[in-house]
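What follows is one structure encoded as structure tokens, with my remarks underneath.
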Amino acid sequence: MPPQPPAPPVFYSFPDTSKLVDSLANFVVKAQKDAIEKRGKFTLALSGGSLPNNLKGLIGQEGVQWDKWEIFFCDERVVPLDHEDSNFRACNDAFLSHVPIPREQIHTIDESLLDDLDELSDEYEKQLISLFAEKNAARFPVFDLILLGMGPDGHTCSLFPGHELLLETDRWVAYLEDSPKPPSKRITFTYPVINHAYRVAFVVAGESKQDMLHAVLDQPEEGLPCSRVRPAAPGLVFWFADDAAAKKASTNVACHIPCRCSN
Ligand SMILES: O=C(O)[C@H](O)[C@@H](O)[C@H](O)[C@H](O)COP(=O)(O)O
């Protein structure tokens, strides 16, 4: 069978953040159940920014098999893990430290390599390879779920508009020293990793995201970093937005606005 085109995004919008947080937690737990049933574990990648706080709904959730989770970071700032800019720290403070996930299943950067970005990104890529490569014949890791944010300029992970890393086709993890969003030194998943996932979900909230969300969904030809997230079939993209962010967004999505999905 010829390769199928990517499916249109599935769009959910919610009247307020607490409903979004509850629904996102349910969605993650469903993705986890599905992954464990089919593959015996749940591989999840997390972003920084506002996302960690939107995952607090996972604390105390029933039906979570934390011992089956393997967590990576879609991008990470090149700082010690206890630094206030660390994406690991943000996720740890928001929810990871409140749930019984074994620490060795949370895959963080090697702090001894902070002075050598090439080595640092290479080592993180090796952590991915050791988890994914043996059982997976695919050329790239296939995450069960990747959770992303959308920056005000349409960036996601540490993939910024106009940056040469948008064109990376080989490496799984790359580094940059010129991030327009501080801090400037970061490592990031590349599109081949993001676009091989079973599910990718963006989480966006607030009026300040209205125009960019409209541009990302309705002007994909602009090639904004978020618009380039198009996992190959059977992969799916989901958007979890609050009504403030969703106001100008397109109806050119699988679940139209106004949508009050309860999942
Ligand atoms: O490390 C980072 O900076 C993030 O991973 C980044 O990609 C973030 O998700 C977006 O900038 C959105 O951030 P907000 O949700 O805070 O706008």
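Residue numbers start at 1 and run along the sequence shown. Counting convention: from 1, in listed order, for ligands and their atoms alike.
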### Query
Does any N or O in the side chain of Ser47 come within less than 3.5 Å of the main-chain N or O of Leu147, such that one atom is a donor and the other an acceptor?
yes

### Message
Between Val21 and Val204, is there shared hydrophobic-cluster membership here, with clusters defined by ILVMFWY side-chain heavy atoms closer than 4.5 Å?
### Response
no

### Task
Without swapping roles, check the side chain of Ser121 against the backbone of Ile187 for a donor-acceptor pair under 3.5 Å.
no

## Note on the structure
Sorted by chain and residue number, the residues with a non-hydrogen atom under 4.0 Å of ligand 1 are Ser47, Gly48, Gly49, Ser50, Asp75, Arg77, Asn87, Gly149, Met150, Gly151, His155, Thr156, Cys157, Lys181, Arg186, Lys209

### Task
Give the intermediate values and the outcome of salt bridge (charged side-chain N to carboxylate O under 4.0 Å, His left out) for residues Arg171 and Asp118.
CA-CA 12 Å; Arg171 294 208 61 174; Asp118 200 17; 3.7 Å; yes

### Task
State plainly whether the residues Lys19 and Asp22 are in salt-bridge range, i.e. N to O under 4.0 Å.
no

#### Entry: Partner set under ring pair (Phe, Tyr, Trp, His ring centres under 6.0 Å) for Phe143, not counting sequence neighbours
Phe72, Phe132, Phe189

